[in-house]
Each structure stands twice: as structure tokens, then as C-alpha cells.
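Below you'll find the structure, written out as C-alpha cells, and then a few comments.
Note: hydrogens, waters and symmetry copies are ignored here, and every other heavy atom, side chains too, is used. Residue indices begin at 1 and follow the sequence shown.
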Amino acid sequence: MEYRQLGASGLQVPVLSFGTATFGGGNDFFKAWGSTMAEEATRMVNLCLDAGVNLFDTADIYSDGLSEEILGKAIAGKRDQLLISTKATFPFGKGPNNQGSSRFHLLRQVEGSLKRLQTDYIDIYHMHGFDGNTPIEETLRTLDDLVQSGKVRYIAASNFSGWHLMKSQAIAERYGWNRYVAHQVYYSLVNREYEWELMPLGIDQRVGAIVWSPLAAGRLGGKYRRNSPPPQNARIAQGGSPVPEAVVNNEVFYNIIDALDEIAAETGKTVAQISLNWLLQRPTVSSIIIGARNEEQLIQNLGATGWNLSTEQVKKLDAASEIPTIYPYWHQRQNLTLNPPPTRILSDSGF
């Protein structure tokens, strides 16, 4: 397993991490993802550790805390062998302070997550989304306090806009507080908007990307084909997709599938493995979160590492997945000398 430095931190993380949103199936939305319980979860954790995947991602809202509980049971006796990433911000529980990134909510959620995970500390603590109601200073001061207390090792953002993240970094720098070292983002061959603003920001500020839904909610899992009906047993048909249909351009999507099938024939790799490997060659990507309903899917996804697509194969996928940009990016791209795309400003360090 390859390990990469997480942003501007000194933490080394595996290029593949395991997402546990499939643990629990505590409500209709997450049942469509999976309903893995403690016994199978333990086997999956062991499979990951054997493969060198030692970063496990969860969140307080996954199945209303059940995902964290099951992960806590699955890692019993192994805490010193692995890293835990969890999140807060979205609604949890009842009452007027049940969401957001306020000091009140975050302190309560940290204690709940620690209890459910059966641990004394969280390695990477994400703000699951930006809270436009709470002063950024309040959020960052609270997170800095949590790091100082030892309950959190590193802090990270998720699903922020460019200005959300940059303003947060500037405020943290002004007061000497801990800065976000990672940004958990949606990024896949199907949707490459991350490259327009957030990737250049990540390069400039050394914020590592931890990618969620790298297979576009299963669209790149190998079950979809042009002129064939979509699979009815997939997560999307069951109402569990975090990627809306409206943001997927079907013509571009099937062009991507055609290119993936061609490369699969050339390499002997699966469509999913090729899709993941393409992401691993993109700037700023520190780790890709893979999920699995069962051990078979997990083993297949682990096969995305240990090899690389050729330059020509990457170019083929780039061309198939390219979409028109929105303003001001299309205007900036009129002069690539002044505004080189992030794939051209990749540093020697690989970041």
C-alpha cells in the first residue's frame, strides 16, 4: 500500500481508505448503501489492515451514530494500528442546537463520537459541511481547543466552497490556530468540478483531498452500459445516491463508460479499479474512500493500487470526461499561460 502525506501535516495516510457508511443501515437512505453489522465489519477491518489500509472514515450522521458504534466494536483491541476519521455539522438529535459548527454543537458531538467509537481521540475531525450561521472564528477556536486537549489530532473540512476554505485558512493563520490539513470532497470521472477551484486552492495551501464517492455512487462500478437499462439493485435505484441525477451528463457518462471498457480490455482490470486508479494520479489526492457492501466488493476495490494507467490511457479518460466549465473558469482558460490548469502545475513532490 502506498502512503501519502496528508496536506501540510506530517501524517501519512494510505491512498485507499475505508468508508463505513455501509455499516448499520439504520434508516432508509443508508440501507441502500448497506447494512453491515459488527461481525462482518470486523472481518472487513481485518482485510483492510492486512492490505495496509489503516484509515477508516465515518460520521456522526451515518445511520444516526450506528456506523460509529459498529466501527468501534470492529476495531476493538486494534486502536493503535489504525486512524479514524469522523465528522460533525449536519443535524443530529433534536433541539435548536442540533446542527452546525458552533462550540455548543461540536463539543457535544465530539463527546458522542468518542463514546460510540470507544476511543479517547479522533485522528482526523471533519466539518462535514460549511456552517454559514456560526462565526468562523468560533468554529476554528473550538477545533483548536480540541486539538490542544488531545481529543482531536488533525482538523479537516468537507464540501466547502473555495472561499469557505480559504477564509478559514486565513483566519486560522491570523490567530495561530490549527489549520485544515485536508478537504473531503466529491471527485470522480463523472464530475470533475473539483479541479476548477478547489484543486488549485489545495495545491496553493497544501490541503490534501480525501475523495468521497470516487465511483459516483456506483455509476462507475461496472454495472452501467450504454443502451442498457440501469441496474435496479444498485444504490441509485434504491434512493441512496449522494450524487444527484441532475449533475450527471448522460452522454458524457456513457462516453466515459466506453473508454473504461476499452481500457479494461487492454489492462485486464475492472472498470471500478481503472476509475480509482485515474483518481490516484490526480494532483492533491491524498486518499480515496472506498466503500463496500460485502467482502467481495472490498477485495475488488483494493486491487486499484500497485499499478498505474499509462499516459495515453489517462489522456483517453480525460478527454471522455471533459465538460464545459462555468464562468470565470472558461474565461481564465483562454490564457493557459497565465492560468495553467492544476494538472500542469503539479509539484515535484506529487502534491
How about [X]: does its [atom1] atom have over 12 heavy atoms from other parts shown lying under 6.0 Å from it?
X    : atom1 : answer
Q81  : CD    : yes
R108 : CZ    : yes
K78  : NZ    : yes
E295 : CD    : yes
N250 : CG    : yes
Q334 : CD    : yes

Is there a donor-acceptor pair closer than 3.5 Å between any side-chain N or O of [X] and the backbone N or O of [Y]?
X    : Y    : answer
N98  : G93  : yes
R219 : V243 : yes
R192 : D318 : yes
S188 : V190 : yes
E137 : I171 : no
H128 : T89  : no
S213 : A217 : yes
N191 : A216 : no
E138 : P135 : no
H126 : A157 : yes

* **Test salt bridge (charged side-chain N to carboxylate O under 4.0 Å, His left out) applied to R79 and D120, step by step** => CA-CA 10 Å; R79 182 64 181 96; D120 297 324; over 6 Å; no
* Would you check if L280 and L276 make a side-chain contact, meaning some heavy-atom pair closer than 4.5 Å? => no
In Å and rounded to the nearest 0.5 Å, what is the [atom1] to [atom2] distance from [X] to [Y]?
X    : Y    : atom1 : atom2 : result
N178 : Q148 : CG    : CD    : 6.5 Å
S102 : D131 : OG    : CG    : 7.0 Å
Q205 : T284 : CD    : OG1   : 13.0 Å
Q109 : Q99  : CD    : CD    : 11.0 Å
T142 : F104 : OG1   : CZ    : 12.5 Å
T22  : Q297 : OG1   : CD    : 9.0 Å

* Can E251 and R226 be said to form a salt bridge (charged side-chain N to carboxylate O under 4.0 Å, His left out), step by step? -> CA-CA 9 Å; E251 182 58 30; R226 191 187 294 273; 3.6 Å; yes
* Asked: Passes salt bridge (charged side-chain N to carboxylate O under 4.0 Å, His left out), E68 versus K87? Steps please.
  -> CA-CA 10 Å; E68 288 183 322; K87 317 176 196 73; over 6 Å; no
* Asked: Any side-chain donor-acceptor pair under 3.5 Å between S67 and T58?
  -> yes
* To do: Could you state whether I326 and V185 fall into the same hydrophobic cluster, counting links through intermediate Ile, Leu, Val, Met, Phe, Trp or Tyr residues with side-chain heavy atoms under 4.5 angstrom apart?
  =>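 Linked within one cluster.
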* **hydrophobic_cluster_shared for W307 and V15, side chain cutoff 4.5 Å** =>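 Yes; tracing contacts between hydrophobic side chains, which count when under 4.5 Å, links both residues.
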* S113 vs I122, side chain to side chain contact (heavy atoms under 4.5 Å, CB included): CA-CA, chis, key distance, verdict -> CA-CA 9 Å; S113 290; I122 296 162; 4.2 Å; yes
* Asked: For L117 and I75, which heavy atoms make the closest approach, and how far apart are they?
  ->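 Smallest interatomic distance, heavy atoms only, reads O-CD1, 4.3 Å.
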* To do: Might you point out which heavy atoms bring S287 and V13 nearest each other, and give the distance in Å?
  =>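 For S287 and V13, the tightest heavy-atom pair comes out as CB-CG2, 4.3 Å.
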How are the rings of [X] and [Y] set relative to one another: parallel (under 30°), tilted (30 to 60°) or perpendicular (over 60°)?
X    : Y    : value
H164 : F160 : perpendicular
Y187 : Y194 : tilted
F18  : F23  : tilted

* Candidate list R103, M127, R179, test side chain to side chain contact (heavy atoms under 4.5 Å, CB included), partner L143, passing option ->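 Answer to the side chain to side chain contact (heavy atoms under 4.5 Å, CB included) test with L143 among R103, M127, R179: M127.
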* Asked: Is it true that K151 and E111 have a side-chain N and a carboxylate O under 4.0 angstrom from each other?
  -> yes
* Kindly determine whether D145 and R141 satisfy side chain to side chain contact (heavy atoms under 4.5 Å, CB included), including the steps that lead there. => CA-CA 6 Å; D145 288 346; R141 176 58 189 271; 3.2 Å; yes
* **Full working for side chain to side chain contact (heavy atoms under 4.5 Å, CB included) between I84 and L55** => CA-CA 6 Å; I84 295 176; L55 174 56; over 6 Å; no
